[in-house]
Asker: 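Once you've had a glance at the structure underneath, I'll fire off some questions.
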Amino acid sequence: MLVVPIHQQRVLSGMRPTGQLHLGHYHGVLKNWIKLQHEYDCLFFAADWHALTTHYAETENIEESTWEMVIDWLAAGVNPGSAKIFIQSQVPQHAELHLLLSMITPLGWLERVPSFKDQQLKLKEKDLATYGFLGYPLLQSADILIYRAGLVPVGEDQVAHVELTREVARRFNHIYGREPGFEEKSETSIKKMGKKQAKLYKQLRNRFQEQGDHEALETAKALLEGQQNLTMADRERLFGYLEGSGKIILPEPQALLTPASKMPGLDGQKMSKSYGNTISLRDDMDAIDEKLRKMPTDTNRVRLTDPGDPKKCPVWQLHEVYSTDDVKDWVQEGCKTAGIGCLDCKRPIIDAVQAELKPMQERAKEFSQNRAMVRKIVAEGREFASDLASDTLDEVRQAIGIQYR
Ligand code: TRP
Ligand code: SF4
């Protein structure tokens, strides 16, 4: 396992621009991004090419959806001072890396990714027997590897894509990481550590290579990180030499599983556009009120005098997200004894959702009225991303042997 050391970890994640963001996105993905932006160097991008893999025939709204999505990110609290925000298709280096990775990626790896068949079945009305769609997870690999990201926050459904990314990176390093004289160069680098440390490095390397001792591997990595005498190139080489695979050009990322959002939809199922049970981040206050009032409750409570059971009621799941213990006790008691009506019960939820979304919508409005600012934020993100991406591509081209310098 070639993993980036913790302190160097860069976080990267993307989201496809497919329509309005809703509370499920906010409580699942966005709040997590907002937390991560304080802890890591984060890159967040709009995956518009990924949207094209399924929506290639309906492109009229893609650009507008992308801007609106970015505005929702900003309004929700993604801070361009901490995290870089950009649009995938504006950093075409992703495409070059995708192409180069496609050369070494066995078809079977892509055909075996679960989302390939699942989505084809789910979106039967679309012809997804396309080259682009098959390559969806490999494009995602390029998105990740072009920034040598260490951590990739994703939902459960995307973990297989990060797994593929790791395999592709490993294969790439294996094929192109073999510098001529790698062995000799490694030995020279080891000597720079001084006798004692060099000996320790070799022992740890042996323990890993001969006995598969992963603890020894981790210790050796920590040892390398603490070495003042090594150049970056030495260190990278010795990371690679530990596992005998050669130089690490593309480090393997790790999935950072986003905790599943507890936010239920209006019908108690997962909140999702395809179920038509969403509260959009842009729904106005009246719409929020109406949607929540209409929300179904425990079907046993036909009359006000019928006692209910919060366990059988989707409104209760919303109390789990929004309410204090006091309010929750009030709900439990009032529901089971028919002491409160369902509309009473929904009131604190309506208030909480409105209080949550109102300031967000005000910020969204400001950004909407100041597109120049949004464009500037995205342009800065693009520039930053583009520099990183070009550095990686230089090394990739060099490793492959098509640098023409
Ligand atoms: N496929 C991801 C999704 O549908 C979006 C995405 C594209 C992504 N490229 C990425 C996520 C790179 C993480 C890293 O949610
Ligand atoms: Fe659901 Fe509340 Fe009505 Fe009980 S009182 S059924 S928890 S909405």
Side-chain angles (χ1 to χ4, degrees), residues 10-18 21 24-25 28-29 32-33 36 42-55 69 86-89 91 94 97-98 113 115-116 118-119 133 135-147 149-165 253-258 264 266 268 292-320 323 327-350 385:
R10 181 173 291 135
V11 164
L12 170 110
S13 201
M15 201 189 278
R16 278 170 300 153
T18 48
L21 297 194
H25 294 113
V29 182
N32 191 42
W33 284 11
L36 291 168
C42 291
L43 299 165
F44 299 129
F45 69 97
D48 57 344
W49 280 336
H50 276 105
L52 282 181
T53 62
T54 49
H55 291 63
M69 181 173 77
F86 61 95
I87 298 166
Q88 184 184 34
S89 66
V91 188
H94 292 222
L97 186 59
H98 179 206
V113 173
S115 58
F116 179 57
D118 291 356
Q119 292 290 97
F133 187 69
Y136 183 111
L138 191 64
L139 177 57
Q140 186 162 350
S141 300
D143 296 337
I144 297 167
L145 296 173
I146 195 101
Y147 301 110
L151 292 173
V152 186
V154 284
E156 186 74 55
D157 62 320
Q158 299 287 313
V159 172
H161 296 172
V162 180
E163 210 42 59
L164 172 82
T165 304
Q254 275 177 313
L256 190 63
L257 192 63
T258 307
L266 292 162
L292 287 167
R293 278 160 174 276
K294 282 197 187 142
M295 188 173 166
T297 62
D298 178 358
T299 45
N300 289 326
R301 286 206 79 181
V302 185
R303 273 173 299 261
L304 196 59
T305 49
D306 298 330
D309 181 358
K311 273 207 293 295
K312 295 181 189 148
C313 178
V315 177
W316 171 250
Q317 298 176 49
L318 288 172
H319 279 292
E320 296 266 44
S323 298
V327 173
K328 284 196 265 187
D329 290 345
W330 170 77
V331 171
Q332 286 288 343
E333 163 78 21
C335 180
K336 288 177 185 163
T337 60
I340 59 170
C342 289
L343 273 181
D344 302 328
C345 180
K346 288 172 172 179
R347 194 70 252 164
I349 301 291
I350 297 173

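Read the numbers this way: they start at 1 and go in the same order the structure lists the ligands and their atoms. Heads up: numbering here begins at 1 and tracks the sequence.
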Asker: Strictly under 2.8 Å of atom 2 (Fe) of ligand 2: which protein N/O/S atoms qualify?
Answerer: Cys345 SG
Asker: Which value, rounded to the nearest 0.5 Å, describes the distance between Thr297 atom OG1 and Asp309 atom CG?
Answerer: 11.5 Å
Asker: Name the closest protein heavy atom to atom 5 (C) of ligand 1, giving the residue it belongs to and the distance to 0.1 Å.
Answerer: Gly14 O, 3.5 Å
Asker: Who's the nearest protein heavy-atom neighbour of atom 14 (C) of ligand 1, and how far?
Answerer: Val152 CG1, 3.6 Å
Asker: At what distance, to the nearest 0.5 angstrom, does CE of Met69 lie from NE2 of His25?
Answerer: 9.0 Å
Asker: Run the numbers for me: atoms of ligand 1, each under 4.0 Å from some heavy atom of Phe45, listed by number.
Answerer: 9 (N), 10 (C), 12 (C)
Asker: Which atom pairs, donor and acceptor, lie under 3.5 Å between side-chain atoms of residues 311-318 and protein residues at least two apart or in another chain?
Answerer:
{"from": "Trp316", "atom 1": "NE1", "to": "Glu320", "atom 2": "OE2", "distance (Å)": "3.3"}

Asker: Near Ala47, which atoms of ligand 1 are under 4.0 Å from a heavy atom of that residue?
Answerer: 7 (C)
Asker: Do the side chain of His319 and the main chain of Cys345 share a donor and acceptor less than 3.5 angstrom apart?
Answerer: yes
Asker: Could you check atom 8 (C) of ligand 1 against the protein and tell me its nearest heavy-atom contact, residue, atom and distance included?
Answerer: Gln140 NE2, 3.5 Å
Asker: Just to verify, which of Gln88, Gln140, Arg16 counts as forming a side chain to side chain contact (heavy atoms under 4.5 Å, CB included) with Trp49?
Answerer: Gln88
Asker: How long is the gap from SG on Cys42 to OH on Tyr147, to the nearest 0.5 Å?
Answerer: 14.0 Å
Asker: Considering only heavy atoms, does Val154 approach ligand 1 within less than 4.0 Å through its side chain, its backbone, both, or neither?
Answerer: side chain
Asker: What protein heavy atom is closest to atom 2 (C) of ligand 1, reported as residue, atom name and distance in Å?
Answerer: Gln158 OE1, 3.2 Å
Asker: Mark up the atoms of ligand 1 that fall under 4.0 Å of a heavy atom belonging to Tyr136, in ascending order.
Answerer: 1 (N), 2 (C), 3 (C), 4 (O)
Asker: Roughly how far apart are Ser141 OG and Leu164 CG, rounded to 0.5 Å?
Answerer: 4.5 Å
Asker: In sequence, state the C-alpha distance, the side-chain angles, and the governing distance for Thr18 and His55, and then conclude on side-chain hydrogen bond (donor to acceptor under 3.5 Å, both in side chains).
Answerer: CA-CA 9 Å; Thr18 48; His55 291 63; over 6 Å; no
Asker: Specify the protein heavy atom at minimum distance from atom 9 (N) of ligand 1: its residue, its atom name, and the distance to 0.1 Å.
Answerer: Asp143 OD2, 2.7 Å
Asker: Could you walk me through whether Lys336 and Gln332 satisfy the side-chain hydrogen bond (donor to acceptor under 3.5 Å, both in side chains) test, starting with their C-alpha distance in whole Å, then the side-chain angles of each, then the deciding distance to 0.1 Å, before giving a yes or no?
Answerer: CA-CA 6 Å; Lys336 288 177 185 163; Gln332 286 288 343; 2.9 Å; yes
Asker: Any idea which part of Gln88 is under 4.0 Å from ligand 1, heavy-atom wise: side chain, backbone, both or neither?
Answerer: neither
Asker: Ring-plane angle category for Phe86 and His94, please: parallel below 30°, perpendicular beyond 60°, tilted otherwise.
Answerer: perpendicular
Asker: Looking at ligand 1, does any of its N/O atoms fall within less than 3.5 Å of an N/O of Ser13?
Answerer: no
Asker: Using a 3.5 Å distance criterion without hydrogens, assess whether the side chain of Ser13 forms a donor-acceptor pair with backbone atoms of Pro153.
Answerer: yes
